[in-house]
There are 2 protein chains.
Amino acid sequence: MNEYREIGSVCIALHLRRAARHVGRIYDEALRPAGINNGQFSLMAMLAAKDDWTMQELADSLGLDQSSLSAAVKPLMRRDLIVQEAGTDDARVRRLRLTPAGRRLLDRARPLWRTAQRRAEELLEDHQPDAVRSALRALG
Amino acid sequence: MNEYREIGSVCIALHLRRAARHVGRIYDEALRPAGINNGQFSLMAMLAAKDDWTMQELADSLGLDQSSLSAAVKPLMRRDLIVQEAGTDDARVRRLRLTPAGRRLLDRARPLWRTAQRRAEELLEDHQPDAVRSALRALG
DNA sequence: ACGATGATTATTGATATCAATATATCTCGG
DNA sequence: CCGAGATATATTGATATCAATAATCATCGT
């Protein structure tokens, strides 16, 4: 018997990344008319939910490496959807904000997100979406 | 009330990608002594489990875009861990095989994978790993 | 005030990922 | 056999992701 047949069926990293790729494509496709992808939508939705994030706080909330966030904000800043402003008290920190244009784009994107969200929940019909979210929170 | 607070707590794409990033880092760290990352381990384990994959078959099994696999095999070929050979009957298909060096590296990596796998299962202790895998299969 | 240590963000170099497109090859009707 | 459409893989250009490192700035002890 082949020792490696098992791995494809039990490896948590493989299952997670495969699912993340597929679901990410669902959201990306739904969001395409708004001109952003699912990662950019998540980032901007965080900014809309709570102002005054530092880079590190936001990176932690997204489960991202600090340097990955540093790269991810660049395309959004180039399009003037978000801005980074220097902290007043501590000159090292950078605070992120949505611009008015970013907020408008996000509002246009929200119904598209909801469509994708519905489709993803349908895939989880027989698997208790809340239990799955809870498990994913434990992993992330 | 802010319409966007909800999104961070219910978005399936965000939960999945956050978990996938974190878990991926666990496996990457464990596999580092072998010189491969979790995606490369998955790819090579598939080749060890069953020979004679075409590119498209393997891409489907990994839930990857065909063009992503095309890019992913390059670093492994450069290191002579896998080879691509032209199909005999159909000149379009390329078949992938582990080289002996690839097989040796994979055998060295397997106990490292098992360590990471144990750590990931521990995170899922209270969440029935088999149920989670089943849900992830439904998503991917 | 100085210097060491720590904290925050950015940069670099590598791989990963996709959509769109290109290229090569096959198949099948005529 | 030829050409049209289909299929398999590769390339391109953009963003995503990390580890390692660099660059700034803060803090604290002396």
Side-chain angles (χ1 to χ4, degrees), chain A residues 13-14 16-33 35-43 53-60 62-79 81 84-96 140, chain B residues 13-14 16-33 35-43 53-60 62-79 81 84-96 140:
Chain A
L14 176 53
L16 267 177
R17 299 191 57 180
R18 189 160 38 197
R21 287 190 283 248
H22 186 230
V23 172
R25 277 192 290 262
I26 292 176
Y27 286 73
D28 283 347
E29 185 181 353
L31 290 168
R32 190 155 318 138
I36 55 176
N37 62 29
N38 78 84
Q40 296 171 328
F41 179 83
S42 294
L43 196 163
W53 295 88
T54 70
M55 294 288 285
Q56 189 59 61
E57 283 168 354
L58 185 53
D60 289 344
L62 294 169
L64 268 178
D65 194 274
Q66 160 270 317
S67 67
S68 302
L69 178 60
S70 205
V73 298
K74 284 185 192 303
L76 297 175
M77 290 198 299
R78 234 181 289 132
R79 295 168 60 187
L81 300 173
Q84 223 182 12
E85 38 197 29
T88 50
D89 45 335
D90 186 333
R92 293 171 299 180
V93 313
R94 300 276 187 280
R95 292 210 163 68
L96 292 172
Chain B
L14 177 53
L16 266 176
R17 298 192 57 179
R18 189 161 35 197
R21 288 190 282 248
H22 186 230
V23 171
R25 277 192 290 262
I26 292 177
Y27 285 73
D28 284 347
E29 184 182 353
L31 289 168
R32 191 155 318 139
I36 55 177
N37 62 29
N38 78 85
Q40 297 171 326
F41 179 83
S42 295
L43 196 163
W53 294 88
T54 70
M55 293 288 284
Q56 189 59 60
E57 283 168 353
L58 185 53
D60 290 343
L62 294 169
L64 266 178
D65 194 274
Q66 160 269 317
S67 67
S68 303
L69 178 59
S70 206
V73 298
K74 284 184 192 305
L76 297 175
M77 289 198 299
R78 233 181 290 131
R79 295 167 61 186
L81 300 174
Q84 223 182 13
E85 38 197 29
T88 49
D89 45 335
D90 187 335
R92 292 171 301 178
V93 312
R94 301 275 188 279
R95 292 210 163 69
L96 292 171

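Throughout, a chain's letter reflects where its sequence line sits, starting with A, and its residues are numbered from 1.
Remark: B:Asp90 engages B:Arg92, B:Val93 in a side chain to side chain contact (heavy atoms under 4.5 Å, CB included) (not counting sequence neighbours). Considering only residues two or more places apart in sequence or on other chains, B:Arg32 meets the side chain to side chain contact (heavy atoms under 4.5 Å, CB included) condition with B:Glu29.
Counting to the nearest Å, the C1' atom of C:dT15 and the CG atom of B:Leu62 are 15 Å from each other. One atom, CD of B:Gln56, and another, P of D:dT9, lie 7 Å apart when rounded to the nearest Å. Look at CD on B:Gln40: it is 10 Å from C1' on C:dA14, rounded to the nearest Å. In this structure, B:Asp89 atom CG and D:dA8 atom P are separated by 12 Å, rounded to whole Å. Here the P atom of nucleotide D:dC18 and the CZ atom of B:Arg17 are 10 Å apart, to the nearest Å. In this entry the distance linking CZ of A:Arg79 with P of D:dT15 reads 8 Å, nearest Å. The distance from atom CZ of A:Arg95 to atom P of C:dT8 is 11 Å, rounded to the nearest whole Å. As a whole-Å value, the separation of B:Leu43 CG from C:dA16 P is 9 Å.
Rounding to the nearest 0.5 angstrom, the gap separating the CZ atom in B:Arg94 from the OG atom in B:Ser70 is 9.5 Å. The CG atom of A:Asp65 lies 12.0 Å from the NE2 atom of B:His22; values are rounded to the nearest 0.5 Å. Distance CZ/B:Arg18 to CG/A:Asp60: 11.0 Å, rounded to 0.5 Å.
Taking 4.0 angstrom as the limit, A:Asn37 places a side-chain polar atom (N or O) nearer than this to OP1 or OP2 of D:dA16. Distances shorter than 4.0 Å separate some side-chain N or O of A:Ser68 from OP1 or OP2 on D:dC18. Contact annotation: B:Arg21 side-chain N/O to D:dA16 OP1/OP2 distance is not under 4.0 Å. Checking the phosphate oxygens (OP1, OP2) of C:dA10, no side-chain nitrogen or oxygen of A:Lys74 falls inside 4.0 Å.
Counting any heavy atom pair closer than 4.0 Å across all strands shown, B:Leu69 reaches no nucleic acid atom. Backbone-only contact: B:Gln84 has heavy atoms under 4.0 Å from sugar-phosphate atoms and none from a base. Among the protein residues, B:Ala91 comes within range of the sugar-phosphate backbone only, with heavy atoms under 4.0 Å from sugar or phosphate atoms but none that close to a base.
Side-chain proximity of B:Val93 to the nucleotides D:dT9, C:dT17, C:dA19 is greatest for D:dT9. Picking from C:dT17, C:dT15, D:dT17 the nucleotide with the shortest atom distance to the side chain of A:Ala71 gives D:dT17. Relative to the side chain of A:Arg94, the nucleotides C:dT9, C:dA16, C:dC26 differ in distance, and C:dT9 lies closest.
Residues B:Ser68 and B:Leu64 come closest through the heavy atom pair CB-CD2, 3.6 Å.
Checked by distance alone, B:Gln66 brings no side-chain donor or acceptor within 3.5 Å of a matching partner on the base of D:dA8. Scanning atom types as modelled, no donor and acceptor separated by under 3.5 angstrom connect the side chain of B:Arg92 and the base of C:dA24. At a cut-off of 3.5 angstrom, the base of D:dA19 holds at least one donor-acceptor pair with the side chain of A:Ser67.
Residues B:Leu31 and B:Asn37 fail the side-chain proximity criterion, which asks for heavy atoms closer than 4.5 Å. Side chains of B:Arg17 and A:Asn38 form a contact here, defined as non-hydrogen atoms less than 4.5 Å apart.
Nearer the 5' end of DNA chain C, as judged by each residue's closest nucleotide, is the contact made by A:Glu57, out of A:Glu57 and B:Gly39.
Taken residue by residue, residues 22-32 of chain B places no heavy atom nearer than 4.0 Å to DNA chain C.
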